[in-house]
Amino acid sequence: MDDDLPKLLTMPMTGRNARMLERLARRRLKRGGAAFVADLGIGTARRHRSTSAVPAEPTAFDDLFDSLVRLLAATRGPGHVDELLRLLAAGRPEDPEYDRYVASLLASCQRPADLGAVYEEGVAVSEELRACLLHELVLRGVPVAEDPGIASWATSPHWRDHPLAALPLVLAEPEREPDLPAYSVEGSSCGFPYPDPEERYPAPRPAAAQVAEAVETTSAATARAMASAVANWADHPEEPEGRAEARTFALAEPLDPDALSGVLVTLGLDCLTDLGDLPKPGEETAFGVVPVEAAEVWQLLFAAASTGGAYDSGCHGAYGRLHAWRSLAALAGAPPDAPASAGEDYVRACAWYRFSADTPWFHRVVWDLGVLAVSPDRRLAVLAATTTD
């Protein structure tokens with residue numbers, strides 16, 4: 001142990017002292033002191049658990065521990081991953097969401113060649129961290145099947161009941177170029193692929209006569225699956241303004257794509273209530289439907305699930321990938337138990353659209369999502385979601 005540590009660990013754990021220790025850890029890491037950073041975190045974690053610890057500000061220990069984890073995970077260098085794993089073994093919170101966060105940090109900032117240590121036998125690492133890191137790497141195009149250590153763990157049967165085990169170890173076509181966050185010691189950033197709320201469209205055509213024969217077919221299970229990617233918008237306690245609408249309809253006749261916007265306004269969707277009078281054809285309105293590729297829909301769903309809304313951080317890349325696929329497959333009409341390869345076939349067979357509308361239901365700030373899937377069997381699936389800050 002570093003000679004300075006015993007003295008440092010007796011300091012009152014205030015927010016000010018925690019920030020001072022973090023700055024010290026940064027300086028020491030630049031001089032090759034990864035072991036010092038881990039020892040500092042381990043010492044403070046033990047002290048935090050001790051009943052004889054000196055009084056501390058409530059969040060100072062947690063803030064310092066998180067800073068040290070981020071420092072090791074987000075900075076490349078010899079031994080950084082090994083020391084991070086040692087730190088996590090001593091003080092990792094018993095929280096799966098923390099594993100998802102750390103996995104995203106590691107995959108974003110560390111070289112894949114240095115991450116094999118996470119999968120070595122005998123290393124005290126949670127299976128959740130391993131599973132999440134695996135799919136964070138897949139999202140970044142890392143050929144995980146070619147790394148013997150990672151492949152051995154990934155293909156072993158012991159984790160086959162884990163939810164992430166249903167995902168393939170290579171990216172499917174709709175997942176190309178996922179919008180992933182960028183991390184540093186200082187913070188993180190992510191993209192916002194949602195359409196401009198002020199985007200305007202030509203006025204929709206009048207609805208065709210066939211629309212009167214549209215029959216709603218929504219089941220509770222299908223609605224939950226379709227809304228999987230935006231569940232954190234609608235259910236997060238700190239986002240009371242979040243909401244989602246997921247519904248399916250059977251159309252009596254084949255659908256003219258040019259009439260889709262007109263069809264949509266006749267279906268009684270909550271998200272289009274109070275749309276107002278539609279302008280005449282040729283004029284513009286803040287409502288419209290745009291044909292897109294399945295990849296664009298996947299991007300929207302992945303962003304919604306992985307990065308969350310205004311107040312939550314989402315579920316990060318691995319579970320973002322899982323929930324985006326659940327939503328996409330359900331929108332396409334794939335059976336709930338269909339393997340990923342079959343789900344991709346259903347997705348490929350659909351025509352995909354995004355839509356937006358200037359209605360009171362949508363907050364029209366940043367986080368507005370509206371997507372449609374039209375299946376060859378005349379099934380129309382609609383998913384809308386919104387939240388605000």
Heavy-atom closest contact (A294 atom, L328 atom, distance): O-CD1, 4.4 Å
Closest approach of A225 to A330 (non-hydrogen atoms, all atoms of both residues): CB-CB, 3.6 Å
T218 and E216: side chain donor to acceptor below 3.5 Å: yes
OG1-CG distance between T155 and L169, expressed to the nearest 0.5 angstrom: 8.5 Å
Short side-chain to backbone donor-acceptor contact, R76 and C109, under 3.5 Å: yes
Backbone of K7 reached by a side-chain donor or acceptor of T10 within 3.5 Å: yes
Which atom of L139 lies closest to which atom of P178, heavy atoms considered: O-CG, 3.3 Å
E296 (side chain) donor-acceptor with P193 (main chain) under 3.5 angstrom: no
ILVMFWY network linking V170 to V142, side-chain heavy atoms under 4.5 angstrom: no
Closest non-hydrogen atom pair between T273 and T359, with its separation: O-CB, 3.7 Å
Close side-chain approach of L71 to V37, heavy-atom, < 4.5 Å: yes
Audit row: F302, E175, side-chain contact (heavy atoms from CB on, under 4.5 Å) steps and yes/no: CA-CA 9 Å; F302 176 72; E175 299 176 286; over 6 Å; no
Contact check, side chains of L88 and L129, non-hydrogen atoms, under 4.5 Å: yes
Backbone of D377 reached by a side-chain donor or acceptor of S375 within 3.5 Å: no
Distance in Å, Y183 OH paired with S104 OG, rounded so as to fall on 0.5 Å steps: 3.0 Å
Heavy-atom donor-acceptor pair, E83 side chain to A38 backbone, under 3.5 Å: no
From CA spacing to verdict: side-chain contact (heavy atoms from CB on, under 4.5 Å), L133, R130: CA-CA 5 Å; L133 178 58; R130 285 173 167 153; 5.9 Å; no
Min side-chain heavy-atom separation L84-L106 under 4.5 Å: yes
Set of side-chain hydrogen bond (donor to acceptor under 3.5 Å, both in side chains) partners for R176, sequence neighbours left out: E173, E293
Test item: Y194 and T386 side chains (from C-beta on) under 4.5 Å apart, heavy atoms: no
D82: side-chain hydrogen bond (donor to acceptor under 3.5 Å, both in side chains) partners, not counting sequence neighbours: none
Minimum side-chain heavy-atom gap P335-Y346 below 4.5 Å: yes
Criterion side-chain contact (heavy atoms from CB on, under 4.5 Å) on V297 and V347, from CA distance to verdict: CA-CA 10 Å; V297 176; V347 169; over 6 Å; no
Non-hydrogen side-chain atoms of V81 and L115 separated by less than 4.5 Å: yes
Under 3.5 Å: donor-acceptor pair, side chain of S188, backbone of A182: no
Donor-acceptor pair, side chain of R378 and main chain of L251, under 3.5 angstrom: yes
Exercise: identify the closest heavy-atom pair between G187 and R70: O-NH2, 2.8 Å
G317 backbone acceptor or donor facing R100 side chain under 3.5 Å: no
Short N-O contact, R19 and D63, less than 4.0 angstrom: no
Check: I150 and L137 side chains under 4.5 Å, non-hydrogen atoms: yes
Parallel, tilted or perpendicular, as decided by the 30° and 60° cut-offs, for the rings of Y98 and F65: tilted
Candidate pair T248 and T217, rule side chain to side chain donor-acceptor pair (under 3.5 Å), full reasoning: CA-CA 5 Å; T248 60; T217 57; 2.8 Å; yes
Residue pair D39, R86: steps toward the side-chain contact (heavy atoms from CB on, under 4.5 Å) verdict: CA-CA 9 Å; D39 286 338; R86 190 164 68 89; 3.0 Å; yes
Close side-chain approach of S356 to F362, heavy-atom, < 4.5 Å: no
Pairing residues for W153 by the ring-ring contact (aromatic ring centres under 6.0 Å, His included) criterion, not counting sequence neighbours: Y119, H158, W159
Pair H316-E97, side-chain donor/acceptor within less than 3.5 Å: no
Nearest non-hydrogen partners of W367 and T388, listed with the distance: CE3-CA, 4.3 Å
Other residues, nucleotides, ligands: >12 heavy atoms within 6.0 Å of R140 CZ: yes
